[in-house]
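Notes for the one structure printed next.
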Amino acid sequence: MRYSQYLLPTLKETPGDAEVISHQLMARAGMIRKVAAGIYDYLPLGLRVIRKVENIVREEMNRAGAIELLMPSVVPADLWEETGRWQQYGKELLRIKDRKDTEFCFGPTHEEVVTEIVRGTVNSYRQLPINLYQIQTKFRDEIRPRFGLMRGREFIMKDAYSFDLDDAGASASYEKMYQAYRRIFERCGLKFRAVEADTGNIGGSSSHEFMVLAETGEDDIVSCDACEYAANVEKAELRPSTTLASATQPLVEVDTPNRKTIEEVSAFLKVAATQTVKTLIVQNERKETLAVLLRGDHDLNEIKLCRLLDCNEIEMASEETVQAVTGAPSGFAGPVGLKVRIIADQEVQGLSDYVIGANALDTHFVGANHGRDFAVETFADLRQAQAGDSCPRCEGALEVWRGIEVGHVFKLGTKYSEAMGATVLDDQGQDRTLVMGCYGIGVGRTAAAAIEQNHDANGIIWPMPLAPFQIIISVLNPNAAEVLEAGETLYAQLLERGIEVLLDDRDERPGSKFKDADLLGIPLRVTVGARGLKEQCYELQNRRSGERAMLPMVEAATQLAAQVHSALNAEAGG
RNA sequence: CGGGGAGUGGCGCAGCCUGGUAGCGCGCCAGUUUUGGGAACUGGAUGUCGCAGGUUCGAAUCCUGUCUCCCCGACCA
């Protein structure tokens with residue numbers, strides 16, 4: 001591609017609405033343009049990267065035995081009504097009507113559609129297992145899209161769905177996808193972790209998320225420093241606590257004027273936060289109000305609480321509710337004398353003689369003990385894991401990372417196949433409900449995550465497998481005939497060798513060309529200028545390492561092609 | 001949706017408080033001189049100041065409404 005004839009609008013300045021580095025650099029490098037909140041144009045350079053990711057995904061899915069197809073983006077409401085999701089799925093589902101007022105949605109995910117395909121075309125266990133996938137534009141009307149391609153409303157996703165006769169088969173299909181995903185992200189040159197995850201409202205029994213490690217990630221994940229255990233904090237189990245407490249101090253009411261938070265109270269009473277217990281008054285969607293006790297320095301994990309209570313949503317009670325339930329303004333809630341259900345994190349069980357709210361303005365208790373002073377209905381694992389916690393599987397300790405979720409694999413079970421009557425005949429001639437799995441990869445998000453992990457002050461540094469171009473030839477003075485000709489010659493030789501090369505033949509000053517080359521993040525830059533030509537050489541610079549080398553003109557194309565191929569293989573290996 | 005902020009040439013911003021009919025930098029076009037890390041000079045083009053009302057002799061500026069965008073929370077590839 002000739003730069004002078006390409007559409008590559010680079011920006012010197014960062015657009016004001018771009019917050020994270022990947023968004024800033026994608027905008028500056030002329031990869032994307034915003035059309036509306038969470039909706040983007042993929043400009044030519046951006047599309048090239050998207051295609052790179054797609055092709056890696058496609059190759060690995062095919063290798064794992066999955067079959068590509070393409071389902072419609074616009075899906076009739078009937079299908080979604082079969083599974084009840086037309087009602088369940090909230091405002092994220094973009095609902096539209098056609099001219100006859102028939103309802104449709106723009107598909108945010110395709111369990112219903114694919115299940116409909118399989119129920120109509122797969123009738124025998126002999127056709128199993130089968131795994132169907134597509135790479136397609138999805139739409140989810142997110143409440144708050146942000147960070148460019150990281151969380152768009154419209155985005156490109158690879159979604160795959162496996163169908164098996166039984167759980168064992170489904171587990172095997174799941175394992176295949178898990179391994180395929182590892183290969184995909186390794187080939188993309190990304191540092192990532194596969195972590196145990198919550199299944200959310202897609203449903204199903206177990207799942208893993210593939211997290212690219214990056215500070216700007218929106219998820220917290222934990223991993224053990226000794227074994228393989230890794231999980232999203234939403235999901236991370238904590239080791240069961242077995243210690244039991246016994247009281248040694250009497251319950252005494254103390255004044256804590258204006259001290260509401262754990263920090264304020266523990267500082268005021270000169271007690272460690274670990275020796276305090278906080279009482280959260282919460283409500284679920286059924287408007288049940290209850291009190292949750294946690295050690296002062298711990299945080300509530302709402303997902304664990306939801307699971308315990310068999311509800312979908314937990315929120316902190318309003319000030320009025322707190323006042324009504326505890327008889328005091330928030331900040332002083334405690335379990336003593338409370339009339340609502342009281343449940344506690346398991347680690348409260350091992351505490352004794354702690355500080356706790358007294359349900360009266362500016363007052364706390366010291367020397368509080370459950371069992372003696374109040375009763376706890378249930379102890380359970382309810383808190384968020386944090387750095388330094390013991391691993392639930394071994395003697396190691398947990399570390400905390402930030403991650404970007406680029407892929408997610410689920411065991412779905414029969415949730416959709418049962419609702420939609422997707423069955424096959426087994427070898428006994430009996431109807432069997434198919435056991436499903438589903439597997440997603442955010443294509444644009446993967447590209448964005450790659451930038452989060454691979455950039456410097458000058459711009460993007462693409463891993464070779466994702467680079468929109470593998471080599472950029474910067475012709476320093478295209479007005480000098482012999483310089484332009486030397487550039488053109490190399491350009492032609494590289495194209496012949498199948499290398500993706502961008503020829504910067506613009507009539508710009510050298511500085512601009514170097515800045516743009518760095519910004520775009522092309523892994524190898526060849527400078528063609530009078531200086532090198534005097535010695536019959538091109539000059540090579542590696543974007544990542546900054547290393548430079550003189551390449552004799554006669555062997556340049558061969559050497560460069562070899563470097564590109566070895567970089568591709570290095571990053572594809574492992 | 002709750003809380004915070006912002007809409008002014010393609011991009012980044014100033015002007016608004018204290019109303020008088022729009023300015024700076026980058027980019028763009030033409031020319032001259034330049035040419036190894038975002039060149040200099042000269043000349044030029046581009047704005048119904050988000051939209052709709054209102055106040056006023058006069059509104060980018062004040063008032064009301066509305067739309068959009070961004071940030072913090074819930075959601076997720």
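Every chain is numbered from 1, with letters handed out A, B, ... down the list of sequences.
- Among the atoms of the strands shown, none is found under 4.0 Å from any heavy atom of A:N232.
- Ion pairing of A:R506 with A:D516 is present here, as a side-chain N (NZ or NE/NH1/NH2) and a carboxylate O approach within less than 4.0 Å.
- Taking 4.0 Å as the cut-off between side-chain N and carboxylate O, A:R402 and A:D219 do not count as a salt-bridged pair.
- With respect to A:D17, the salt bridge (charged side-chain N to carboxylate O under 4.0 Å, His left out) criterion is satisfied by exactly one of A:R146, A:K34, A:R33: A:K34.
- A distance of about 16 Å separates the P atoms of B:A6 and B:U64, rounded to the whole Å.
- Residue-level contact check: A:I143 touches the bases, meaning some heavy atom is under 4.0 Å from a base atom.
- Between the P atoms of B:G37 and B:U42, the separation comes to 25 Å (whole Å).
- For A:D141 and A:R153, the salt-bridge test passes: some basic side-chain N is under 4.0 Å from an acidic carboxylate O.
- Following rounding to the nearest Å, A:E19 (CD) and B:G5 (P) show an atom-to-atom distance of 16 Å.
- Comparing the C1' positions of B:G12 and B:A30 gives an interatomic distance of 25 Å, to the nearest angstrom.
- Remark: the A:R140 side chain and the B:C76 base include no donor-acceptor N/O pair separated by less than 3.5 Å.
- Each of A:V443 and A:R146 lies near RNA chain B, and the nucleotide nearest A:R146 is the one positioned closer to the 5' end.
- Remark: the separation of the C1' atoms in B:C16 and B:C62 is 10 Å, to the nearest Å.
- Under the Watson-Crick and G-U wobble criteria, each requiring two contacts below 3.5 Å, nucleotide B:A60 is left unpaired.
- The nucleotide B:G65 finds its pairing partner in B:C51, both defining distances of the Watson-Crick or G-U wobble pair being shorter than 3.5 Å.
- Here the nucleotide nearest the side chain of A:E13, chosen from B:C11, B:C69, B:A77, is B:C11.
- The listed nucleotides are B:C70, B:A77, B:C71; the one nearest the side chain of A:F147 is B:C71.
- The pairing partner recorded for B:U35 is none, the criterion being a Watson-Crick or G-U wobble arrangement whose two distances lie under 3.5 angstrom.
- Separation of the C1' atoms belonging to B:G65 and B:U55 is 15 Å when rounded to the nearest angstrom.
- Classification of A:K415 and A:E111 as a salt-bridged pair fails, no side-chain N sitting under 4.0 Å from a carboxylate O.
- With sequence neighbours excluded, the residues that form a ring-ring contact (aromatic ring centres under 6.0 Å, His included) with A:H23 are A:Y40.
- The partner of B:G43 is B:C29, judged by Watson-Crick or G-U wobble contacts that both fall below 3.5 Å.
- Between A:E60 and A:R187 a salt bridge is recorded (basic side-chain N to carboxylate O distance below 4.0 Å).
- A:G152 comes within 4.0 angstrom of a nucleotide base, judged by non-hydrogen atoms across all strands.
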Just by protein heavy atoms under 4.0 Å, how would nucleotides 31-38 of chain B read 5' to 3' in B, S and -? ---BSBBB
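- Of the two residues near RNA chain B, A:P15 and A:A18, the one whose nearest nucleotide lies more 5' is A:P15.
- A distance of about 23 Å separates the C1' atoms of B:U66 and B:U56, rounded to the whole Å.
- If you take atom C1' in B:G31 and the same atom in B:G7, they sit 37 Å apart, rounded to whole Å.
- Pair check for B:C13 finds B:G23; Watson-Crick or G-U wobble, both atom distances under 3.5 Å.
- When Watson-Crick and G-U wobble pairs are counted only if both distances are under 3.5 Å, B:A77 pairs with no nucleotide at all.
- Put simply, CZ on A:R153 is 14 Å from C1' on B:C75, counting in whole angstrom units.
- Rounded to an integer number of Å, the gap from NZ of A:K91 to C1' of B:G2 is 13 Å.
- Nucleotide B:C11 holds its P atom 13 Å from the NE2 atom of A:H23, rounded to whole Å.
- The phosphate of B:C70 has OP1 or OP2 within less than 4.0 Å of a side-chain N or O from A:K34.
- Straight-line distance from the CD atom of A:E142 to the P atom of B:C71: 13 Å, rounded to whole Å.
- Here the separation of B:G9 from B:G47, taken at their P atoms, is 10 Å to the nearest Å.
- Rounded to whole Å, atom P of B:C70 lies 13 Å from atom CZ of A:R151.
- Taking only side-chain atoms of A:R144, from C-beta outward, the nucleotide of B:C72, B:C76, B:C69 with the closest atom is B:C72.
- By the 6.0 Å and 45° rule, A:R95 stacks over the aromatic ring of A:W86.
- Whole-Å rounding puts the A:E302 CD to B:C75 C1' distance at 13 Å.
- Aromatic ring centroids of A:F210 and A:H208 lie 6.0 Å or more apart.
- Between A:R543 and A:D456 there is a salt bridge, with a side-chain nitrogen of the basic residue lying less than 4.0 Å from a carboxylate oxygen of the acidic one.
- The distance between atom CE of A:M150 and atom P of B:C75, rounded to the nearest whole Å, is 19 Å.
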